[in-house]
Every structure is written in C-alpha cells, then in structure tokens.
**Student:** 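Before I ask anything, here is the structure I am working with.
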2 protein chains.
Amino acid sequence: MAKALPRYKRLHEDIKKEILQGDISKGSLLPSENELCAKYNITRATVRQGLQELVKEGFIEKRMGLGSIVVSDRKTLGLLSFKGFSEVLKSSALSSKTLNLEPVECTAWPTPFFYELSKKEEAQNCFSLKRLRTIEGDPVMLEFTYVPQWGTDDLPEKLEDSSLFKLLQVHYEIEVLQVVQDVRAIIGSKEILNLLQLKTGDPVLEIHRKYLTDRAGFHIYSTLYCNTSKYTFSNSFN
Amino acid sequence: MAKALPRYKRLHEDIKKEILQGDISKGSLLPSENELCAKYNITRATVRQGLQELVKEGFIEKRMGLGSIVVSDRKTLGLLSFKGFSEVLKSSALSSKTLNLEPVECTAWPTPFFYELSKKEEAQNCFSLKRLRTIEGDPVMLEFTYVPQWGTDDLPEKLEDSSLFKLLQVHYEIEVLQVVQDVRAIIGSKEILNLLQLKTGDPVLEIHRKYLTDRAGFHIYSTLYCNTSKYTFSNSFN
DNA sequence: AAGTGGTCTAGACCACTGC
DNA sequence: CAGTGGTCTAGACCACTTG
C-alpha cells in the first residue's frame, strides 16, 4: 500500500535528504529548475512547489538570475527559536531544567482564550501543560501550553521522556511550520511573580503564541511569562 | 518609475487590507479561488500564489473542500518583523507617524554599546537617529538607531522622504537579510516613560537589535522601547 | 548572449466537504 | 450532488546575473 506521494513532495524529500547527507554541500547551487524538471519528469510549476518547501524550511535560498543556494545552517537560530526551550539551550553551557507544576490534564479550553479558536477546536478538549523552566537554578519562564486532543490521546504518558515538539514530530508526525506571537511587557500577577521569584511591581515579558503545523487546523497555543532580569529573550529571523 | 505590482501581490494586499479593515470578518470564508480568478482576471495559479502569502502571515487557513477561512484580524503590529515600522503599518487602517526627536547626527558610537562592535565599525563614526513612533496619536515606540558611516554620507538629507530601510535599499543597495534581537521587560526610566506617555512604574518592552545586511560587515543597530499597554508587538517566523 | 529564477496563462483531473 | 481546494501539465514572457 504505497502512499503515492505528490510529486513535488517527492522532490522536496529527495533534495532535503541529499542536503542532510552532505551530498549537496552548503553554499553550492542546486540543479536549475529546468534541470530538475528533466530529472523528475515534472513541470516547472511542480518543481517550484517542491523547492518552495525547502525555502520555507530554511534549507535553500533563491537568487534571481543565479539559482538556488544551499544555506542549510543560516536559519538555524530562527528555527531553534520555536522548537522549544530545551532544544535552544542544549547547545549552550547553561544547565536548564523543566518542572511540571501540574500533571498533564485533559480539559476544556480556558475561557476566554487568548486567541480565537475554530469551531473544530472548541468542540474538543485540550491537554494543558503548566511548566516552569529554570536556568542554572533561576526560574526564567512560566509556560502554559494547550494541545488539542485530536489523535494525540496518549500524549501524557509519552511526554515523560521527550520534549513536546519532538514528541509531536516523532509519535504523531506533526511538524511545526510557523509561529505567530504577540509580545508585551506587563507587571506580573502575584502568582506569576511568586513562581518566577520576582518582587511586587517587577516587570515580566508576556508572550502569546500560536504554532501552526502541517496538520491542517491543528494548532498549539502557549502563553509564556518570562523573567528577563537576568537572561534576555532572544531570537533571530529573516 | 514605480514598477507595476505583480498581480498575486496586488490580490494579497487587497485581501489583507479587507481583513484588517473588517470588511471580511474573522471566521468567514474568502471568495473561492475561482471567484477570485474572475474578480481579478487572473488564473488560479496566480490566485493561489497570493493566498499562500496570507497563509504564511497567519491571516487565513485553507480547508480542503470548504474554502479559505479568515482566522485572524489582528490589529497588532508586526513590528518585530525587520521590514521596518512604516512598511508594516501601511497596509492597515491605522494611522502612524514618525517624529524625529533630534536631527540626524554623525558621532562616535555610544559607549558602552549594547552589542559588540567589530574593529572596522569602531574605527568609524555612525549616524544616530532618535525617533518616536505613534499610532493613532498614541506614542508606542521610542527608537534609537545607529547606522555606520560607510558609503552612506548623504544619509541625513535622503532620510527626509523615505523610510530608513527603503532608503538603504534604494539609494545604497543595502538589503537586510537577518535580524538578531534580545527582548526584555523593564521599568522605564523617567525620560522614556515621559516620551511614551506612561506613568512611573509602568513596564516597557526593551529590544536590542542587530540587523545583518548583504554588505559584509555592515550592520545596523537599534534599541527600541515599546509601550505595549494598548498595542502588542507581534511577529511571525518559521 | 545564455541561463536563471519570477511571473503568468489556460487548461485538466482528483479528493474532499457540505448539502 | 455541485463546489472547493490540491495537484499537475505545457507552454510563455520577463528581469536578472554571470561570462
């Protein structure tokens, strides 16, 4: 029972594999779109659809009049910035920990919710995670995350041994494609300040996030409260 | 001299404006792709190219067999995108203004500087801009920007009639490729609070930015102080 | 000048959602 | 069922970069 991948997807995965395996080295040019047409026996529109995925993932960049350049590590920071806390920090020398403040629950969505939910989302429950992140023992981020219960029923037990985003990718084949976030500075509530070990009147970074995935209509939502007195919240994009 | 906009871009901006102005309400369906073909006198491939931009920006989502749903009418500002203040706002219905608090000066870099400068940068002076951005009359962002004086000698007079980033692109052919930023929440100083019309003890978003350009070694630096009491600052990345 | 990616046309068939 | 978006073909002209 072969799945019969779309042709553009086939090209996308082929080239991605070649890049990751080093068959096409960073900085070099991909075959031209016309050459790829010939190689895969597809039209240019289909080739471009496939290449566009690679651009979106940050593997290649296109240069007018020149070609498609492999830049596999240029977007690294930008990619890491939404892949979750642990992935971002694991390459640095700082020790980080994540503490689940409450067991994962499956409940209705909080109301009012900070982003508008679709009817499909509203109709189902969600898993809610309440976690505190620390760096070198200092609490730096309080995170409330909401994952729709939609083919992810055994999420709680799986969550034990891996990060949320890795779990979604590996066990459910859900990949985060994009993040939209709203940022503001607020004076933290007593509960938030307490958990972040801040004093009354201290400012806190509040971030609302919506993660868009490759499963249509499947979104993950987070609210983050950050103690930025010692560590800043940094990201990179292009 | 202005080039005609590509047709897909025209459609993209039109619909985006309609969404932001509330002409198409959140949760409703866009006209079908075939209807848009007829309305704009373009083919479906072109319509899809335009709609895809809206998907990328998080304004719409597509549902197989159903249509394109408007999922966001955020009036928040994509100010964390690197395209600059004016560009982000021009498609929305909100009126924005930029006030130069001081004439553009060419001086040494401030010390200490918030990012590490290369020797080449340190060896030259920089233009410093101090600007206040307002939306609908409300001051929302105080911006200190530093541009190296490196083939940009006539920057001050050129700056009169266009945005900084457009100016750099058009007159000096410098294109911003990537942005690195550090974000924190602070309690504003008296001067900052005053300019942003905030009260003592109010929180402010502080952002340090480094813009990387296609001219090797040429960077632009900014410090932003944002009043997030009324508008949040949003961005989107992948 | 030759080749590249950027844009665009005018069709086509399919799988899916709602009625 | 009729209509939608998902995929795809076979062309075309353009602006741009490099030799």
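Note on naming: letters A, B, ... go to the chains in the order of the sequence lines (proteins, then strands), and numbering restarts at 1 for each one. These numbers come from the heavy atoms of this one structure, side chains and all, not from hydrogens, waters or symmetry mates.
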**Student:** Over how many whole Å does the gap from B/Ile69 atom CD1 to C/dC16 atom C1' extend?
**Tutor:**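 Taking CD1 of B/Ile69 and C1' of C/dC16, I get 14 Å after rounding.
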**Student:** Testing the basics here: between B/Thr46 and B/Tyr8, what is the closest heavy-atom pair and its distance to 0.1 Å?
**Tutor:**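 Of all heavy-atom pairs spanning B/Thr46 and B/Tyr8, the closest is O-CB, 3.5 Å.
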**Student:** Which letter, B, S or -, goes with each nucleotide of nucleotides 2-7 of chain C from 5' to 3', with contact meaning a protein heavy atom under 4.0 Å?
**Tutor:** -BBBBB
**Student:** According to the Watson-Crick and G-U wobble definition with distances under 3.5 Å, which dot-bracket string, read 5' to 3', encodes DNA chain C, using [ ] for crossing pairs and | for pairs with another strand?
**Tutor:** ||||||||||||||||.|.
**Student:** One thing to verify: whether B/Glu33 and B/Lys62 come together as a salt bridge, which I'm taking to mean a side-chain N less than 4.0 angstrom from a carboxylate O.
**Tutor:**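 Result for this pair is yes, salt bridge flagged.
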**Student:** Between C/dC16 atom C1' and B/Glu61 atom CD, what is the distance in whole Å?
**Tutor:**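 These atoms are roughly 17 Å apart.
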**Student:** How close or far is atom C1' of D/dC8 from atom NZ of A/Lys9, stated in whole angstroms?
**Tutor:**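 From A/Lys9 NZ to D/dC8 C1': 16 Å.
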**Student:** Any luck finding a side-chain donor-acceptor pair between B/Tyr221 and B/Glu121 under 3.5 Å?
**Tutor:**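 Yes - a donor-acceptor pair under 3.5 Å links their side chains.
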**Student:** Should we count CZ of B/Arg10 as having more than 12 external heavy atoms under 6.0 Å?
**Tutor:**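 No, CZ of B/Arg10 has 12 or fewer neighbouring heavy atoms, counting only those of other groups under 6.0 Å.
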**Student:** Does NZ in A/Lys9 sit with more than 12 non-hydrogen atoms of other residues, nucleotides or ligands closer than 6.0 Å?
**Tutor:**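 Check passes, neighbour count above 12.
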**Student:** Within the structure provided, determine whether B/Leu51 and B/Ser68 are in side-chain contact (heavy-atom separation under 4.5 Å).
**Tutor:**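 Of all side-chain heavy-atom pairs linking B/Ser68 with B/Leu51, at least one is under 4.5 Å.
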**Student:** Please enumerate all residues that pass side chain to side chain contact (heavy atoms under 4.5 Å, CB included) together with B/Gln149, with sequence neighbours excluded.
**Tutor:**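 For B/Gln149 the side chain to side chain contact (heavy atoms under 4.5 Å, CB included) partners, ignoring immediate neighbours, are B/Cys106, B/Asn125, B/Phe127, B/Asp153.
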**Student:** Using whole Å, what does the distance between atom P of nucleotide D/dA10 and atom CD1 of A/Ile42 come to?
**Tutor:**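 Going from A/Ile42 (CD1) to D/dA10 (P), I get 12 Å.
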**Student:** In terms of the angle between their ring planes, are B/Tyr146 and B/Phe113 parallel, tilted or perpendicular, with boundaries placed at 30° and 60°?
**Tutor:**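 Aromatic pair B/Tyr146/B/Phe113 classed perpendicular.
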